[in-house]
Amino acid sequence: MKSVAIIGAGIAGITLARQLQGSAEVSIFEKSRGFGGRMATRQAGNYQFDHGAQFFTARSKQFQKLIDDCVAQNQIQAWLPRIITLDSKKEPFKREWFEPHYIATPKMNSLCKALARGLNVTLDTQISAIDAVEQGWLLKDSLGQQLGHFDWVISTLPAPQANELLPDCFAYKSELGIVDFSPCFSLMLGFEFTHKLNFDAAVVRNSPLSWIASNSGKQGRPPSFSVMAHSDNAWAREQFDCNIDDVRHRMLVALGRIMGDALPLPDHIAIHRWKYAKAESGCEENFLLDDSNRLAACGDWCGGSRVEDAYLSGLKLGEELQILLRPGLSTL
């Protein structure tokens, strides 16, 4: 049975690994301490923040099937917030969502953790080198330690990171190089007392902010009042290399302008800088597969930038690899 290394334990990597069960010996390597990638959750004392993806939707039968199965197991719930638009130049107005929106419970990263049960996952391990050797591909971590030989290596990282990591022989380097990501800053605020807001989530216009949500108002979250604010992507690109404390201050000022006196000073403040938050120009293919070198790449940047896009990319690459990995059918 062939051996496959998957780099990244987000929804694309976990989905791909599940597809390949029984077809190959699969090992997943994740640089973070947990699952989920940008489906991320941070705990700070009594406060909890989904500081990456805020929700996800389903527009394909395959992803809807996964959601339905996970809803039945209480791993996903429909999210029905009171949602408005806040505009510094206009009066607030109520928004309508015309398709179901979902969240994972009890944390946004819980979905990938649940889907990863039974898989061979090594966390807190950053892959720094993929070297060609007689036995296939040799992976090394950031400390230079050897992690084993593999017949196939697949990256589910953001395209710029995959471009840096995958060997120069990868046939689709140029495709990786044209994918453009926008950054984002996530501002996390915790409050000693609960404060009544006239919304659960807000899309923000004409501001350094693009999104505000009561994280503690989501199903399954701790009751300690917490608010999550995301920056505007274009604004984040301009501010990305600035001092992080200055960025935090500017976001707090912007929040004060848009919210007025609705929120007092928080008891907890944290900020996270996402370098690869949203794929602005992605790859038109569902995945990039170099079968001659036994290398591949997939992720949400294949076809879009949504959670569903990451899932479908991993799923479709898995379907193709299942064919290549069948005994007697592979041309490799």
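Side-chain atoms are counted along with the backbone in the values below, which use heavy atoms only and exclude waters and symmetry mates. Computed from a predicted structure; not experimentally measured.
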### Query
Looking at His230, Met251, Arg250, which hits side chain to side chain contact (heavy atoms under 4.5 Å, CB included) with Leu209?
Met251
### Task
Name the orientation class of the two ring planes belonging to Trp235 and Phe185 (parallel below 30°, tilted from 30 to 60°, perpendicular beyond 60°).
perpendicular
#### Entry: Check ion pair Asp69-Lys65 (N to O, under 4.0 angstrom)
yes
### Query
Are Cys70 and Leu111 close enough that some pair of their side-chain heavy atoms sits under 4.5 Å apart?
yes
## Note on the structure
Between Met188 and Ile271 the two heavy atoms that sit nearest each other are CE-C, 3.9 Å
### Task
Measure the shortest side-chain to side-chain distance between Ser231 and Trp211 over non-hydrogen atoms and say whether it is less than 4.5 angstrom.
no
#### Entry: Step-by-step salt bridge (charged side-chain N to carboxylate O under 4.0 Å, His left out) determination, Asp124 to Arg33
CA-CA 5 Å; Asp124 204 17; Arg33 292 175 293 176; 5.9 Å; no
### Task
Please determine if Lys140 and Asp131 form a salt bridge, counting it only when a charged side-chain N lies under 4.0 Å from a carboxylate O.
yes
### Task
Kindly give the heavy-atom pair with the smallest separation between Asn233 and Ser182, and that separation in Å.
CB-CB, 3.8 Å
### Summary
Interatomic distance, CG@Leu321 vs CG@Leu20, rounded to 0.5 Å, equals 5.5 Å
#### Entry: Plane angle bin for His272 and His51 - parallel if under 30°, tilted between 30 and 60°, otherwise perpendicular
perpendicular
### Query
Same hydrophobic cluster for Phe55 and Phe199, using side-chain heavy-atom links shorter than 4.5 Å among ILVMFWY?
no
### Closest non-hydrogen atom pair, Gly13 against Ile28
O-CD1, 4.3 Å
### Task
Check step by step if salt bridge (charged side-chain N to carboxylate O under 4.0 Å, His left out) holds for Arg38 and Asp300.
CA-CA 10 Å; Arg38 279 168 285 158; Asp300 61 354; 2.9 Å; yes
### Query
To the nearest 0.5 Å, what is the distance between CG (Asn120) and CD (Gln21)?
10.5 Å
### Query
Can you check side-chain hydrogen bond (donor to acceptor under 3.5 Å, both in side chains) on Ser3 and Glu25, steps first, answer last?
CA-CA 5 Å; Ser3 57; Glu25 295 178 356; 5.8 Å; no
### Query
Is the shortest distance from a Lys or Arg side-chain nitrogen in Asp180 or Arg237 to a carboxylate oxygen in the other one below 4.0 Å?
yes
### Message
With a 6.0 Å cut-off (strictly less than), is the heavy-atom count around CD of Glu99, excluding the residue itself, greater than 12?
### Response
yes
### Message
Between Thr57 and Arg306, is there a side-chain donor-acceptor contact under 3.5 Å, judged purely by atom types and distance?
### Response
yes
### Task
Quick one: do Thr105 and Gln75 satisfy side-chain hydrogen bond (donor to acceptor under 3.5 Å, both in side chains)? Show the steps, please.
CA-CA 5 Å; Thr105 56; Gln75 296 164 350; over 6 Å; no
### Which atom of Cys112 lies closest to which atom of Ile11, heavy atoms considered
SG-N, 3.5 Å
### Tyr172 side, atom OH; Leu176 side, atom CG - distance, nearest 0.5 Å
11.0 Å
### Task
Drop me the distance from Leu197's CG to Phe225's CZ, to the nearest 0.5 angstrom.
4.5 Å
### Task
Answer yes or no for Lys2 and Trp152: cation-pi contact, defined as NZ/CZ to six-membered ring centre under 6.0 Å and angle to ring axis within 45°.
no
#### Entry: Charged N-O contact under 4.0 Å between Asp151 and Arg294
yes
#### Entry: Carboxylate-amine/guanidinium contact Asp50 Arg42, below 4.0 Å
no
## Note on the structure
Here the gap from Asn163 atom CG to Ser174 atom OG, rounded to the nearest 0.5 Å, amounts to 9.0 Å
### Query
How long is the gap from CG on Leu312 to OG1 on Thr15, to the nearest 0.5 Å?
9.0 Å
### Plane angle bin for Tyr47 and Phe49 - parallel if under 30°, tilted between 30 and 60°, otherwise perpendicular
tilted
### Message
Tell me whether Arg273 forms a cation-pi arrangement with Phe240, defined as NZ or CZ under 6.0 Å from the six-membered ring centre and within 45 degrees of its axis.
### Response
yes
### Task
State, without any angle test, whether Ser313 and Asn286 hold a side-chain donor-acceptor pair at a distance under 3.5 Å.
no
